[in-house]
Structure formats: structure tokens, C-alpha cells
Amino acid sequence: PKFTTSGSWGNTVKVKYPNGWSVRYSHLDSVENIKKGDHLLAGADIGGVGNTGTTFGPTGVHLDVTVYDKDGSKVSAKEAAAFIGLVSHS
């Protein structure tokens, strides 16, 4: 994983998966003690949902998850949902 603090995205962790895809988790309130090159197990804590960076609305808590393919291009919401296990791959 790679941790950054990026203006509008706030505290961000980007995790690269064995298939070359990566997932960016942004607006985290806290980030676990991880550093670039660490290997994470499935289900590992990477940080806490928060309100860092630029967020809108009265919720006070925000999480942005963006999935990229192996070429660094954003994938569609349907592909992303299938990749992170929210829907079936069919």
C-alpha cells in the first residue's frame, strides 16, 4: 500500500492487488501503521472512515473508493463492485 495526504482527497491509501488493479481509499480519518511495499492480508484494517480533504454535505463522515485497472485507468462502477465483491462477476 501507499499512504498519501492529498489536498482534496485527504488521507489516502492506495492498495495494489496481484492482478495489477489498485484501489484508492480516500478521506480516511486515521491510517493504520502501513507503508509502501507492505503486504496486507484480506480484511486487514487500513484506516478509519473520516472527513479529511474536501467533502460536501452534512454527513461528517465520507469514504471514496476508486478502482483502477492494471494500466491505471478508472474502471466502471459495475466492474469495481464485482472486483471488491459487492456483486457477482457474471
Side-chain angles (χ1 to χ4, degrees):
K2 178 181 174 184
F3 168 71
T4 60
T5 300
S6 170
S8 63
W9 293 112
N11 295 331
T12 299
V13 172
K14 192 169 187 179
V15 178
K16 187 172 184 179
Y17 289 82
N19 69 351
W21 284 31
S22 58
V23 178
R24 181 185 67 204
Y25 301 89
S26 301
H27 305 292
L28 301 171
D29 182 51
S30 60
V31 176
E32 296 299 319
N33 187 22
I34 55 177
K35 60 189 177 302
K36 186 174 182 176
D38 283 352
H39 292 273
L40 302 175
L41 298 175
D45 288 338
I46 60 169
V49 175
N51 197 25
T52 61
T54 305
T55 59
F56 300 96
T59 62
V61 176
H62 186 85
L63 174 66
D64 177 84
V65 178
T66 306
V67 179
Y68 301 88
D69 67 16
K70 63 184 177 181
D71 298 320
S73 299
K74 288 183 185 179
V75 301
S76 72
K78 184 176 181 179
E79 289 175 303
F83 177 70
I84 61 176
L86 296 176
V87 297
S88 70
H89 293 269
S90 56

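Residue numbers start at 1 and run along the sequence shown.
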Does Val13 reach the side chain of Leu28, with side-chain heavy atoms less than 4.5 Å apart? yes

Using the side chain to side chain contact (heavy atoms under 4.5 Å, CB included) rule, take Asp29 and Asn51 through it: C-alpha gap first, then chi angles, then the decisive distance, then the call. CA-CA 6 Å; Asp29 182 51; Asn51 197 25; over 6 Å; no

Step by step, would you call Lys14 with Tyr25 a side chain to side chain contact (heavy atoms under 4.5 Å, CB included)? CA-CA 6 Å; Lys14 192 169 187 179; Tyr25 301 89; over 6 Å; no

Examine distances only and state if a side-chain atom of Ser8 and a backbone atom of Thr54 form a donor-acceptor pair shorter than 3.5 Å. no

Rounded to the nearest 0.5 angstrom, the NZ-CG distance for Lys16 and Leu40 is 14.0 Å

Test item: Asp69 side-chain N/O and Asp71 main-chain N/O as donor-acceptor pair under 3.5 Å: yes

What about Val23 and Ile46, same hydrophobic cluster or not, with Ile/Leu/Val/Met/Phe/Trp/Tyr joined at side-chain heavy-atom distances under 4.5 Å? yes

Distance to the ring centre below 6.0 angstrom and angle to the axis at most 45 degrees; does that hold for Lys70 and Tyr17? no

Nearest atoms (heavy-atom pairs only) where Asp45 meets Glu32: O-CG, 3.2 Å

Quick one, Lys74 with Thr66, criterion side chain to side chain contact (heavy atoms under 4.5 Å, CB included). Give me CA distance, side-chain angles, the key distance, then yes/no. CA-CA 7 Å; Lys74 288 183 185 179; Thr66 306; 3.9 Å; yes

Any idea which heavy atoms bring Val67 and Ala80 closest together, and the distance? CG2-CB, 3.6 Å

Derivation of the side chain to side chain contact (heavy atoms under 4.5 Å, CB included) call for Val75 and Trp21: CA-CA 9 Å; Val75 301; Trp21 284 31; 3.8 Å; yes

